Amino acid sequence: WHEKTLGQIFCDDSSQQIIQMLLDEMAAAGAELALRSEVTDIRHADGAFHLSVTSGTGAPPRVRCRNLVIASGGKSIPKMGASGFAYRVAEQFGLAVTPTRPALVPFTFGPDALEWIKPLSGVAVDTRTTAGAWSFDEAVLFTHRGLSGPAALQISSYWQEGEEISVHLCPGIDPVATLKSARQSGGRRDVATVLADVLPKRLATHLAEDRGWSGNTADLSDHRIAEISATLQNWRLKPTATEGYRTAEVTLGGVDTAGLDSRTMQARKIPGLYFIGEGVDVTGWLGGYNFQWAWSSGWAAGTAISGG
């Protein structure tokens with residue numbers, strides 16, 4: 001493996017290595033893998049769980065177990081099999097489920113804003129993106145559907161429908177100082193060319209044309225420079241929605257942690273029933289935190305069941 005920015009770790013070769021590692025661990029532990037199967041019914045009686053299972057590769061029609069771990073995730077990316085199964089099981093056994101919604105997901109916009117964004121599809125820019133009291137200093141990616149990239153995905157977990165987001169297009173750079181310096185050093189360069197020193201060229205040109213920032217920097221008044229700077233430092237957008245569970249990396253909300261033992265992930269009211277991973281109301285940032293939560297909560301449950 002190797003480490004990228006912000007401590008993110010990637011396989012040197014294929015991510016298939018992760019799958020193979022888990023399969024090897026399963027084989028070593030004597031676990032059985034059933035594919036293309038579905039649990040259609042769960043009952044709890046005589047200190048055991050009784051599961052009805054549809055036929056599939058390696059799946060017996062009925063399973064009896066003392067301990068049942070629900071590790072089925074949330075609703076994100078349904079084409080991969082995601083569903084609200086964990087929530088239905090929780091509610092069946094009297095556990096509370098907090099409201100769910102897509103998170104770590106791209107933003108979509110209405111026709112007018114989208115018409116402005118589409119020509120920039122494929123352009124990425126380092127930003128400080130803000131929603132409410134939360135900000136993230138990472139890149140935003142313009143797409144043909146709206147805004148994506150790390151900063152947009154991160155802030156989507158805190159954005160509320162109907163709110164605006166603020167995008168600082170050049171954090172760490174003083175646009176006023178940049179434009180005044182260009183004005184003082186001859187001023188023959190036009191505004192878009194100067195802005196291209198601190199922004200991607202396509203974005204700089206698109207902004208200048210849209211806002212009417214034309215002419216040489218020598219002709220810019222202090223008032224005009226302040227206006228340009230204000231736009232770059234606080235570009236306000238109002239998303240109409242997100243792309244939803246179709247592309248959301250995680251699901252916000254889920255099985256209420258108040259109903260689970262934080263040391264073992266066991267349901268407080270139902271001995272032997274455990275909920276782990278994304279199905280629980282725990283949501284992390286980008287960078288592997290949600291994987292870490294899934295594996296750590298799974299380790300806690302497994303350790304509790306095996307007795308350490």
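None of these values were measured; they are calculated from a predicted model.
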Quiz item: For Thr257 and Asp281, what are the C-alpha separation, side-chain angles and deciding distance, and is it a side-chain hydrogen bond (donor to acceptor under 3.5 Å, both in side chains)?
Solution: CA-CA 6 Å; Thr257 56; Asp281 184 14; 5.9 Å; no
Quiz item: When rounded to the nearest 0.5 angstrom, what is the spacing between CG in Leu147 and CZ in Phe107?
Solution: 8.0 Å
Quiz item: Does any pair with a residue in residues 170-201 pass ring-ring contact (aromatic ring centres under 6.0 Å, His included), and if so which ones, sequence neighbours excluded?
Solution: none
Quiz item: For Asn216, which residues count as a side chain to side chain donor-acceptor pair (under 3.5 Å) partner, sequence neighbours excluded?
Solution: none
Exercise. State whether the side chain of Arg128 and the backbone N or O of Gln233 hold a donor-acceptor pair below 3.5 Å, judged by distance alone.
Key: no
Quiz item: Counting only N and O atoms by type, is there a donor-acceptor contact under 3.5 Å from the side chain of Thr178 to the main-chain atoms of Asp174?
Solution: yes
Exercise. Can you tell me which residue pairs pass the ring-ring contact (aromatic ring centres under 6.0 Å, His included) test with a partner in residues 171-222, sequence neighbours excluded?
Key: Trp116-His206
Exercise. With sequence neighbours left out, write down each residue that passes ring pair (Phe, Tyr, Trp, His ring centres under 6.0 Å) with Trp293, or none if nothing qualifies.
Key: none
Quiz item: Got a sec, which pairs hit ring-ring contact (aromatic ring centres under 6.0 Å, His included) with one end in residues 50-75, sequence neighbours left out?
Solution: none
Quiz item: Should we say atom CZ of Arg268 is surrounded by more than 12 heavy atoms from elsewhere, each under 6.0 Å from it?
Solution: yes
Quiz item: Can you name the closest pair of heavy atoms from Leu169 and Trp235 and give their distance?
Solution: CD2-CE3, 4.1 Å
Practice problem: With rounding to the nearest 0.5 Å, note down the distance linking CG in Leu23 to CD1 in Ile18. | Solution: 11.5 Å
Practice problem: Give a yes or no on this: more than 12 heavy atoms of other residues, nucleotides or ligands lie within 6.0 Å of atom CD of Glu3. | Solution: yes
Self-check item: salt bridge (Lys or Arg N to Asp or Glu O under 4.0 Å) involving Arg211 - partner list, sequence neighbours excluded
Solution: none
Practice problem: Heavy atoms only: give me the nearest Phe275-Val255 pair and the separation to one decimal. | Solution: CD2-CG2, 3.9 Å
Exercise. Could you grab the distance from atom CD1 of Ile155 to atom CD of Glu138, nearest 0.5 Å is fine?
Key: 10.0 Å
Self-check item: Check: Ile42 main-chain N/O paired with Gln92 side-chain donor or acceptor under 3.5 Å
Solution: yes
Exercise. Kindly compute the distance separating CG (Asp256) from CG (Leu95), expressed to the nearest 0.5 Å.
Key: 8.5 Å
Practice problem: Report the distance from atom OG of Ser262 to atom CD of Gln266, rounding to the nearest 0.5 Å. | Solution: 12.0 Å
Quiz prompt | Partners meeting side chain to side chain donor-acceptor pair (under 3.5 Å) with Ser76 (sequence neighbours left out) | solution = Thr251, Glu278
Quiz item: Does Tyr245 use its side chain to pair, donor to acceptor, with the backbone of Arg101 at less than 3.5 Å?
Solution: yes
Exercise. Could you list all the side chain to side chain donor-acceptor pair (under 3.5 Å) pairs where at least one residue sits in residues 219-228, not counting sequence neighbours?
Key: Arg183-Asp222, Arg224-Glu227
Quiz item: Taking only residues two or more places apart in sequence, or in another chain, which ones meet Asp112 in a side chain to side chain donor-acceptor pair (under 3.5 Å)?
Solution: none
Quiz item: For Pro106, does its backbone N or O pair with a side-chain atom of Ser156 as donor and acceptor, under 3.5 Å?
Solution: no
Quiz prompt | ring-ring contact (aromatic ring centres under 6.0 Å, His included) partners of residues 22-43, not counting sequence neighbours, each pair once | solution = none
Self-check item: Heavy-atom check, side chain of Trp159 versus side chain of Thr129, under 4.5 Å
Solution: no
Quiz item: Should the pair Trp134 and Trp285 be assigned to parallel (<30°), tilted (30 to 60°) or perpendicular (>60°) ring geometry?
Solution: perpendicular
Practice problem: For Phe10, look at atom CZ and say whether over 12 heavy atoms of other residues, nucleotides or ligands are found less than 6.0 Å away. | Solution: yes
Quiz item: Just wondering, do Leu220 and Ile228 contact through their side chains at under 4.5 Å, heavy atoms?
Solution: yes
Quiz item: Is Lys269 close enough and on-axis enough to Phe93, meaning under 6.0 Å and within 45°, for cation-pi?
Solution: no
Exercise. Give, for atom CG of Leu286 and atom OG of Ser157, the distance between the pair rounded to the nearest 0.5 Å.
Key: 7.5 Å
Exercise. Could you list who else is in Met80's hydrophobic cluster, with ILVMFWY side chains joined at under 4.5 Å, directly or through other members?
Key: Ile77
Quiz item: Do Glu209 and Thr205 meet the criterion of a side-chain donor-acceptor pair at a distance under 3.5 Å?
Solution: no
Self-check item: Distance-minimising heavy-atom pair for Asn290 and Gly284
Solution: OD1-N, 2.8 Å
Practice problem: Please say whether more than 12 non-hydrogen atoms of neighbouring residues, nucleotides or ligands are located less than 6.0 Å from CZ in Arg88. | Solution: yes
Quiz item: Are the side chain of Arg202 and the backbone of Pro119 linked by a donor-acceptor contact shorter than 3.5 Å?
Solution: yes
Quiz item: Taking only residues two or more places apart in sequence, or in another chain, which ones meet Trp299 in a side chain to side chain donor-acceptor pair (under 3.5 Å)?
Solution: none
Self-check item: Donor-acceptor contact present, side-chain Ser297 to main-chain Gly277, <3.5 Å
Solution: yes
Quiz prompt | Shortest non-hydrogen contact from Ala192 toward Ala204 | solution = O-CB, 3.7 Å
Exercise. Would you confirm whether Thr108, through its side chain, and Ala241, through its main-chain N or O, come within 3.5 Å as a donor-acceptor pair?
Key: yes
Quiz item: Just wondering, more than 12 heavy atoms not from Arg263 lying within 6.0 Å of its CZ?
Solution: no
